[in-house]
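See structure below.
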Amino acid sequence: MCGIVGYIGNRQASPIIISGLRRLEYRGYDSAGVCVVDSEKLKINKKAGKVADLENGFDLMALKGTLGVGHTRWATHGVPNDVNAHPHTDMSGSIALIHNGIIENYLTIRKKLVNAGYTFRSETDSEVLAVFIGMLYDTIGDLETSVRTALSEVEGTFGIVVVSTYDPDLLIAARRGSPLILGVGTDEYIVASDAAAIIAHTRQVIYLQENEMAVVRRSGYVTKTIHNEETSGNIEEISFELDQIEKGGFPHFMLKEIYEQPITFRDGFRGRLRIDEGNVRLGGLSKVYEQLSTAKRIIITACGTSWHAALVGEYLIEQLARIPVEVEYASEFRYRNPIINPDDVVIAISQSGETADTLAAIREAKTRGATVLGMVNVVGSSIARETDAGVYIHAGPEIGVASTKAFTSQLCILTQFAVYLGRMRHLSADAGREIAQGLAEIPDHIQTILDQSESIRQIAQQYSGVSNFLYLGRGYNFPVALEGALKLKEISYIHAEGYPAAEMKHGPIALIDENMPVVFIAPKDEIYDKVRSNIEEVRARNGQVIAIASSRDSRISDAANHVIYIPETLPMLTPILASIPLQLLAYFVAVDRGCNVDMPRNLAKSVTVE
Ligand code: M6R
């Protein structure tokens, strides 16, 4: 979603801001803008479109000044156009603001300002905040106090950076509900919504907390609450390397991330699997061991791909630990007055750790007294910080908007978590050992599937012109059908639906004809014969069957038009392997259709608004 970069130091700000915005492009946006403070005035260039469009007919690098801000906007209030793009200024044109989040009471504030004679150019909630700060400055005469006063009246979420000609040695950043990180360099500071925009300049960062602000000058900074109480502002180190956020020779981040999975999956169990003991060590959960051993119910909450991982987790935990599990869309959870008991454990799964709906769900669960855990990828993210305990999935930075490696890493953690809970209860060491051994073999199996990518590409090319796809699976692989369909629609814009295979006859079967490709996830497991019958039903109606099948399944090619084989593994681990060809299928279809795979239209990598 929106990206923020701000710079104060002794170097020219605009090249640093532009390169930072480019690093944030993956998050998804529809307009961009830069403002540099010259001692006399604000120099602004903003436009609908991409960062590259800012440079059309305008020498951005020629903007001179060592203090500035830049923004990529994902439209919420008002269409993506030049006027609605950030930065926004106050009415005098002396204060510039960039904003992520939503000011919920902006209409009330706007009305107050209009009554006082202030005018607006854009339709955005963000401009209202800029003009409000300007109005307060007119009476207070101090920028920091004006920002704090404005924020104390604001309802909603914000990550803001404010600069002004009134004080060209001052940058103010503040957050509530939208991430902001202050990079601490030598005599320079970079503030950004994502560490990716900072790492090229410094690894030393302060993750601003809720309702915290940073008041930054070239000579130093203070962090404080927006109520003006000083805070400690602990400096931490960025946990990834620069090359992890570069394409490394791949045409797209998504393909790079698909190919990284043998490594990222291994990183998810490294140091955790205890094959000999048939157990798992999850250090991040030690402080909630007691609550986990007595938990009567587990609620997993998440969105999108992470929600699909949660569904697999439900099957795993119920099977191995025999604890009832409920999986909730985070966006629905808090609005339905959920029943939560003190001995319930609520788990949030999130790649970004910043998804607004998931964050709101865990806050709701905490308020109601549950133990709240996180399974998160981004280190230091809001969900990681606000949960009682958790496990990092260690997938490394995921840049492609379509989640791939994070999904398999989430499954890696969920499987280990289910073993961990199971071993606290009735699960035998032998059973634990078999699963641990199975997990340890997965990275090689993933590589075996990746080695078939050329034949998957050929299948994809045959179907890239269709309008609809159906994905069917059962048991552990029903969520994989949902995930396969989501991947395809996100990046290729082909309509796709995932269904439990047996549900087909209750409706979707009406759609089947010779133009309908149906992807079956049909590994050799206890329900294979049932899925096989569903395949026959599709074939009897001339549907085109693409089967994801076990390597020892010699009969499947009789029934399917195309078969993609996955190596043998335990049934509960097949979702991990089956998801790899589905990622590749979606990727190759989208590439063949000429789609922008890494930045699909309308989507954002991290959905930080409700
Ligand atoms: O960062 P999160 O895992 O919380 O994000 C949740 C969803 O927004 C995300 O999975 C989304 O569905 C992706 N675009 C899936 O590819």
Side-chain angles (χ1 to χ4, degrees), residues 247-265 305 308-309 395 398-412 442-466 469-473 477 479-494 496 498 517-523 544-551 556 560-567 569 573-600:
K247 283 192 197 141
F250 284 87
H252 298 101
F253 281 110
M254 182 179 174
L255 191 63
K256 176 187 176 221
E257 287 156 7
I258 291 172
Y259 270 80
E260 279 173 352
Q261 290 175 106
I263 295 167
T264 52
F265 194 88
T305 288
H308 297 153
E398 190 178 66
I399 307 290
V401 165
S403 189
T404 53
K405 63 176 182 171
F407 180 67
T408 49
S409 293
Q410 287 164 347
L411 298 188
C412 179
I442 290 289
D444 290 345
H445 292 335
I446 294 177
Q447 190 57 53
T448 304
I449 301 167
L450 294 174
D451 291 343
Q452 300 174 56
S453 83
E454 179 49 29
S455 57
I456 298 171
R457 190 176 67 81
Q458 286 172 16
I459 298 169
Q461 282 176 338
Q462 286 186 48
Y463 293 97
S464 62
V466 304
F469 255 87
L470 199 55
Y471 286 72
L472 302 174
N477 285 301
V480 178
L482 297 178
E483 174 60 9
L486 178 68
K487 281 295 80 83
L488 186 75
K489 65 188 144 197
E490 279 188 303
I491 59 169
S492 74
Y493 317 138
I494 293 176
V518 185
V519 179
F520 273 96
I521 300 125
Q544 304 289 309
V545 172
I546 302 167
I548 312 296
S550 300
S551 49
I556 191 86
N561 301 76
H562 310 274
V563 184
I564 303 168
Y565 290 102
I566 59 173
T569 185
L573 303 182
T574 54
I576 303 158
L577 298 185
S579 59
I580 310 289
L582 302 188
Q583 295 167 356
L584 286 167
L585 186 70
Y587 172 80
F588 287 125
V589 167
V591 168
D592 207 50
R593 288 165 70 91
C595 298
N596 186 344
V597 172
D598 282 335
M599 284 183 273

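Keep in mind it's a predicted model, so treat the numbers as computed, not measured.
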Working for side-chain contact (heavy atoms from CB on, under 4.5 Å), residues E483 and T305: CA-CA 6 Å; E483 174 60 9; T305 288; 3.0 Å; yes
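- The shortest side-chain heavy-atom distance between I521 and L472 does not fall under the 4.5 Å cut-off.
- The distance from the CG atom of L486 to the CG atom of L488 is 9.5 Å, given to the nearest 0.5 Å.
- Close placement of the Y463 and H562 rings is indicated, their centers lying within 6.0 Å of each other.
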Steps toward side-chain contact (heavy atoms from CB on, under 4.5 Å) verdict (V518, I546): CA-CA 6 Å; V518 185; I546 302 167; over 6 Å; no
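- Residue A481 comes nearest to G473 through the heavy atom pair CB-N, 3.7 Å, listed as atom of the first residue, atom of the second, then distance.
- Rounded to the nearest 0.5 angstrom, I449 CD1 and I258 CD1 are separated by 12.0 Å.
- Contact annotation: the side chain of I566 never approaches that of H445 to less than 4.5 Å [non-hydrogen atoms, C-beta and beyond].
- With hydrogens and angles ignored, the 3.5 Å screen pairs a side-chain donor or acceptor of K487 with a backbone N or O of S403.
- Q447 is linked by a side-chain hydrogen bond (donor to acceptor under 3.5 Å, both in side chains) to D451, counting only residues two or more places apart in sequence or in another chain.
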Residues 582-595, side-chain donor-acceptor partners within the protein, below 3.5 Å, at least two apart:
unit_1 : atom_1 : unit_2 : atom_2 : d
Q583   : OE1    : Q261   : NE2    : 2.7
Q583   : NE2    : Q261   : OE1    : 3.4
Q583   : NE2    : T404   : O      : 3.4
Y587   : OH     : H252   : ND1    : 2.7
D592   : OD2    : S464   : OG     : 2.7
R593   : NE     : S492   : O      : 3.0
R593   : NH1    : S464   : O      : 2.7

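- By the 4.5 Å heavy-atom criterion applied to side chains, N561 and Q462 are not counted as neighbours.
- Not counting sequence neighbours, the partners of T574 by the side-chain hydrogen bond (donor to acceptor under 3.5 Å, both in side chains) test are N477.
- Residues meeting the ring pair (Phe, Tyr, Trp, His ring centres under 6.0 Å) test with Y259, sequence neighbours left out: F250.
- Taken from CD in E257 to CD in E398, the straight-line distance is 5.0 Å, to the nearest 0.5 Å.
- For the pair A547 and A560, the tightest heavy-atom approach, listed with the atom from each and the gap, is CB-CB, 3.8 Å.
- Of all non-hydrogen atoms in S579 and F407, the two that sit nearest each other are CB-CE2, 3.7 Å.
- Closest heavy-atom contact between T264 and S409: O-OG, 3.8 Å.
- The CD1 atom of I576 lies 3.5 Å from the CZ atom of F265; values are rounded to the nearest 0.5 Å.
- Here CE of M254 is found 14.0 Å from NZ of K247. Values are rounded to the nearest 0.5 Å.
- For the atom pair CD1 (I446) and OG1 (T408), the distance works out to 5.5 Å, reported to the nearest 0.5 Å.
- With sequence neighbours excluded, no residue forms a ring pair (Phe, Tyr, Trp, His ring centres under 6.0 Å) with Y493.
- Closest approach of A496 and K489 over heavy atoms only: O-NZ, 3.0 Å.
- Contact detail for A309 and Q410: the closest heavy-atom pair is CB-OE1, 3.4 Å.
- The salt bridge (charged side-chain N to carboxylate O under 4.0 Å, His left out) test applied to K256 returns E260, not counting sequence neighbours.
- Side chain to side chain, E454 and Q458 meet the donor-acceptor criterion of an N or O pair below 3.5 Å.
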